Enquirer: 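The structure under discussion is supplied below as structure tokens; questions concerning it will follow.
What you see is a predicted model; the values in this text were computed from it and never measured. One-based numbering, in listed order, for ligands and for the atoms of each.
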Amino acid sequence: MKALVMRQPGQASIESIAKPEADDGELLLKVRMVGLCGSDLNSFRGSNPLVSFPRIPGHEIAGTVTENKSGNPVLEPGTNVAVSPYSSCGKCAACRRGRSNACQFNQTLGVQRDGALTEYITVPATRVYPAKLGLKELCLVEPLTVGFHAVARGRVTPDDVVAVFGCGGVGLGAVAAASFQGAKTIAIDIDNDKLGVAAKAGAVHTINARQESVPERLAEITNGLGPDVVVEAIGSPETFRSAIEVVAFTGRVVYIGYAKQPVAYETRLFVQKELDIMGSRNAMPEDFCRVIQMLEHQRFPVDDAITRIITMEQTPDILRAWQENPAAFTKIVVAVD
Ligand SMILES: [Zn+2]
Ligand SMILES: [Zn+2]
């Protein structure tokens with residue numbers, strides 16, 4: 001069967017590999033669509049230290065069950081599913097606390113182990129989520145869960161005002177999650193197109209950080225109190241600091257952005273405001289269920305979030321074009337069959 005294989009940084013081609021066989025407790029899935037995100041681009045560039053080569057990428061997966069060796073009658077052949085690409089060891093401190101999303105030894109499909117840009121994969125039946133959704137929706141489930149988990153970490157309620165810094169794939173998920181939770185959600189970005197999609201995902205206010213003062217607008221919207229929850233989904237030192245500065249006294253700050261360099265803080269504000277400051281990583285099974293619920297309610301602008309659908313054969317060229325011009329693409333989805 002065909003697979004997209006990255007042999008070394010900057011190089012990807014379609015190769016022929018053996019079709020896998022499902023063990024007991026597993027499913028054989030026909031891969032239907034796979035979404036690509038910034039982390040796939042980093043893998044292709046060789047800038048993700050967790051990726052070794054050769055590697056088959058692909059962790060945002062829509063598939064159809066073709067063989068069910070789990071005994072679970074819900075997962076009969078023909079069922080369309082989204083897939084959780086994570087693994088957990090069951091033994092580390094995070095797993096012992098029931099927080100397997102942050103497993104110390106997690107191996108994500110397409111990162112530490114081969115992923116889904118191929119015709120068939122096998123997965124444990126416990127890692128799939130059947131849903132009454134189209135294929136495009138199904139491959140948006142995983143990327144949206146990351147923002148949903150951040151909002152769960154921030155204990156967002158309908159009484160909260162939530163500000164989200166960054167409306168890329170992850171931030172957009174946080175905007176959708178906070179809005180779906182009933183919170184008053186404010187989306188912040190420097191790109192008006194992304195802010196437009198965020199508004200369709202439920203943001204009631206949008207702030208273009210290049211054209212307006214973010215602290216002033218936030219103060220205006222919240223009568224000077226500041227947002228109850230701030231989600232940082234960019235990873236720059238400025239927004240890491242800004243989150244602490246703009247959040248309300250006794251507010252919650254959730255970081256999902258990965259900072260590429262150390263960040264200097266005025267730590268006085270941590271104490272003075274008595275803040276809850278949290279990291280958020282990957283997602284839990286309940287986040288997958290919540291995203292599916294939102295998508296089934298048609299509360300997300302799926303066609304605005306996916307900017308391009310390509311074939312597996314086009315993927316090597318598109319990866320090269322994306323590497324040369326990262327801003328040219330936002331969400332690419334590969335139609336595998
Ligand atoms: Zn992704
Ligand atoms: Zn673990």
Side-chain angles (χ1 to χ4, degrees), residues 4 6 12 31 33-45 47-51 55-63 82-117 121 123-124 126-127 129 135-150 166-177 194 233-235 256-258 279-285 287-288 291 295 300 302 305-310 315 318-319 322-323 326 329-334 336:
L4 182 105
M6 304 189 299
V31 179
M33 273 191 175
V34 175
L36 299 178
C37 73
S39 81
D40 298 299
L41 180 60
N42 284 334
S43 304
F44 179 68
R45 280 177 177 148
S47 55
N48 182 345
L50 300 175
V51 175
R55 179 65 66 232
I56 299 171
H59 62 275
E60 304 178 357
I61 307 159
V83 179
S84 165
Y86 313 121
S87 73
S88 50
C89 73
K91 295 182 184 134
C92 73
C95 286
R96 279 167 199 257
R97 271 193 263 274
R99 287 166 60 181
S100 54
N101 62 301
C103 174
Q104 189 176 353
F105 305 104
N106 166 60
Q107 294 199 315
T108 301
L109 287 174
V111 182
Q112 293 97 337
R113 53 192 175 128
D114 280 337
L117 266 177
I121 55 168
V123 288
T126 49
R127 300 274 169 192
Y129 298 86
L135 297 175
K136 282 191 287 186
E137 284 83 358
L138 283 171
C139 62
L140 279 178
V141 171
E142 190 277 337
L144 288 170
T145 59
V146 180
F148 270 65
H149 186 64
C167 298
V170 169
L172 187 59
V175 167
K194 288 185 184 168
I234 297 172
I256 2 177
Y258 233 74
S280 181
R281 180 179 162 197
N282 297 347
M284 293 285 286
D287 302 311
F288 280 82
V291 170
L295 290 170
F300 189 78
V302 173
I306 294 176
T307 46
R308 189 142 178 209
I309 300 177
I310 62 173
T315 308
I318 295 286
L319 281 170
W322 195 13
Q323 182 181 26
F329 304 93
T330 47
K331 190 87 203 146
I332 301 168
V333 166
V334 184
V336 173

Enquirer: With a 4.5 Å limit on heavy-atom distance, are the side chains of I318 and L36 in contact?
Expert: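 Of all side-chain heavy-atom pairs linking L36 with I318, none is under 4.5 Å.
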Enquirer: Hey, what do you get for CG (L109) to CD1 (I121), rounding to the nearest 0.5 Å?
Expert: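 Nearest 0.5 Å value for the CG-CD1 distance: 6.0 Å.
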Enquirer: Which pair of non-hydrogen atoms, one from W322 and one from T330, has the smallest distance, and what is that distance?
Expert: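 What the structure gives for the nearest pair is CZ2-O, 4.3 Å.
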Enquirer: Taking atom CZ of R99 as the centre, report whether more than 12 heavy atoms of other residues, nucleotides or ligands fall under 6.0 Å from it.
Expert: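 For R99, atom CZ is not crowded (no more than 12 foreign heavy atoms under 6.0 Å).
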Enquirer: So, of the N/O/S atoms that E60 has, which is the nearest one to the Zn ion (ligand 1)?
Expert: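 E60's closest N, O or S atom to the Zn ion (ligand 1) is named OE2.
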Enquirer: For the residue pair R55 and D114, establish whether any side-chain heavy-atom pair is separated by less than 4.5 Å.
Expert: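 Side chain of R55 against side chain of D114, heavy atoms only: contact under 4.5 Å found.
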Enquirer: Checking side-chain polar atoms at under 3.5 Å, does Y86 have a donor or acceptor matched by the opposite partner on E142?
Expert: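 There is such a pair between these side chains.
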Enquirer: Given side chains that start at C-beta, do those of L41 and F329 come closer than 4.5 Å, heavy atoms only?
Expert: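 They are not in side-chain contact.
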Enquirer: Mind reading off the angle at the Zn ion (ligand 1) between the SG atom of C37 and the NE2 atom of H59, rounded to 10°?
Expert: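 The SG/NE2 angle about the Zn ion (ligand 1) sits at 110°.
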Enquirer: Do any of the N, O or S atoms of D40 sit under 2.8 Å from the Zn ion (ligand 1)?
Expert: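 D40 does not place any N, O or S atom closer than 2.8 Å to the Zn ion (ligand 1).
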Enquirer: Run through the protein N/O/S atoms less than 2.8 Å from the Zn ion (ligand 2) and write them out by chain and number.
Expert: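 The answer is C89 SG, C92 SG, C95 SG, C103 SG.
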